[in-house]
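Right, one structure below, let's go through it.
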Amino acid sequence: QVQLVESGGGLVQAGGSLRLSCAASGRTFSSYAMGWFRQAPGKEREFVAAISVSGGSTYYADPVKGRFTISRDNAKNTVYLQMNSLKPEDTAVYYCAAATTYLSGSEPREYDYWGQGTQVTVSS
């Protein structure tokens with residue numbers, strides 16, 4: 001069992017940056033691939049980024065490529081999402097998720113554990 005807690009969300013102007021963190025409980029964090037998803041009001045949850053168990057492989061959704069960076073620190077049981085050049089359309093609740101696989105994909109059903117989410121609001 002893994003418990004995930006996101007933090008770092010907030011209100012930022014367009015063009016600004018935020019770094020989200022997701023802290024995991026348990027001693028097996030390093031055996032989970034991790035992902036970030038987001039959900040805007042009235043829309044389905046969508047994939048943002050994923051990172052492999054080792055951190056050596058990453059994967060991004062097209063809308064965030066070149067602006068967002070996913071990373072992890074297995075010693076701290078934490079995964080991060082650095083978000084730069086934020087746009088109003090990035091406004092959403094952001095969720096981290098853990099998958100019992102080496103590198104997870106873009107489908108929510110691939111993930112076994114989810115955090116409660118953190119709100120990111122980008123003003124124009």
Side-chain angles (χ1 to χ4, degrees):
Q1 186 93 12
V2 175
Q3 292 185 326
L4 305 172
V5 179
E6 302 95 335
S7 61
L11 174 63
V12 64
Q13 288 189 332
S17 298
L18 282 174
R19 188 176 81 155
L20 305 184
S21 299
C22 173
S25 65
R27 292 176 287 182
T28 59
F29 173 76
S30 60
S31 64
Y32 292 92
M34 300 296 296
W36 285 96
F37 288 75
R38 66 187 182 186
Q39 188 166 18
K43 294 187 177 182
E44 292 187 353
R45 190 168 298 191
E46 66 172 355
F47 171 75
V48 174
I51 189 166
S52 63
V53 165
S54 67
S57 297
T58 57
Y59 171 48
Y60 297 92
D62 286 343
V64 308
K65 279 181 181 176
R67 299 189 298 123
F68 291 11
T69 302
I70 188 171
S71 61
R72 67 189 297 162
D73 185 337
N74 286 342
K76 295 183 178 180
N77 282 8
T78 302
V79 62
Y80 304 97
L81 186 68
Q82 178 67 44
M83 305 186 296
N84 298 328
S85 301
L86 282 161
K87 304 175 181 180
E89 52 263 44
D90 294 319
T91 295
V93 177
Y94 282 71
Y95 299 89
C96 71
T100 54
T101 185
Y102 178 77
L103 175 62
S104 49
S106 61
E107 293 294 329
R109 64 175 180 267
E110 298 179 57
Y111 294 81
D112 303 286
Y113 304 100
W114 293 83
Q116 83 291 347
T118 185
Q119 177 70 48
V120 171
T121 303
V122 184
S123 64
S124 57

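Val120 approaches Gly9 most closely through the heavy-atom pair CG2-CA, 4.1 Å. When every heavy atom of Ala49 is checked against every heavy atom of Leu81, the shortest pair comes out as CB-CD1, 4.3 Å. Among all heavy-atom pairs drawn from Ala50 and Gly105, the shortest one is CB-O, 4.5 Å. Summarising the geometry of Gly117 relative to Val93, their closest heavy-atom pair is CA-CG1, 3.8 Å, with the distance given to 0.1 Å. Between Val2 and Ala24 the shortest heavy-atom distance is CG1-CB, 4.0 Å. Listed here is the closest heavy atom pair of Ser123 and Leu11: CB-CD1, 4.3 Å.
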> Is there a side-chain contact (heavy atoms from CB on, under 4.5 Å) between Asn74 and Phe29 once you walk through the steps?
Replying inline: CA-CA 7 Å; Asn74 286 342; Phe29 173 76; 3.2 Å; yes

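Residue pairs meeting the salt bridge (Lys or Arg N to Asp or Glu O under 4.0 Å) criterion with at least one partner in residues 108-124, sequence neighbours excluded, are Glu107-Arg109. Residue pairs meeting the disulfide (SG to SG under 2.5 Å) criterion with at least one partner in residues 49-89, sequence neighbours excluded, do not occur; the list is empty. Counting only residues at least two apart or on different chains, the salt bridge (Lys or Arg N to Asp or Glu O under 4.0 Å) pairs with a member in residues 33-61 are Arg38-Glu46, Arg38-Asp90. Under the ring-ring contact (aromatic ring centres under 6.0 Å, His included) criterion, the residue pairs touching residues 30-55 are Tyr32-Tyr113, Phe37-Phe47, Phe37-Tyr111, Phe37-Trp114, Phe47-Tyr59, with sequence neighbours excluded. Sorted pairs that involve residues 65-100 and meet ring-ring contact (aromatic ring centres under 6.0 Å, His included), not counting sequence neighbours, are lacking altogether.
Judged by a 6.0 Å distance limit and a 45° cone about the ring axis, Arg67 is not positioned over the six-membered ring of Tyr60.
Rounding to the nearest 0.5 angstrom, the gap separating the OG atom in Ser124 from the CD atom in Gln13 is 9.5 Å. Expressed to the nearest 0.5 Å, how far CZ of Arg19 lies from OG of Ser71 amounts to 7.0 Å. Residue Met83 holds its CE atom at 11.0 Å from OG1 of Thr69, rounded to the nearest 0.5 Å. Gln82 CD to Ser21 OG: the interatomic distance, rounded to the nearest 0.5 Å, is 9.5 Å. Within the model, atoms CG of Asn77 and OG of Ser25 stand 8.0 Å from one another, a figure rounded to the nearest 0.5 Å.
For Thr101, the side chain to side chain contact (heavy atoms under 4.5 Å, CB included) partners two or more places apart in sequence, or in a different chain, are Ala33, Ala99, Ser104.
A donor-acceptor contact shorter than 3.5 Å is absent between the side chain of Glu6 and the backbone of Cys22.
At a threshold of 4.5 Å between non-hydrogen side-chain atoms, the residues Gln119 and Thr91 count as touching.
Using a 4.5 Å cut-off between side-chain heavy atoms of Ile, Leu, Val, Met, Phe, Trp and Tyr, with links allowed through other members, Val53 and Leu103 fall into the same hydrophobic cluster.
For CD of Gln3, the number of neighbouring non-hydrogen atoms (other residues, nucleotides, ligands) closer than 6.0 Å is 12 at most.
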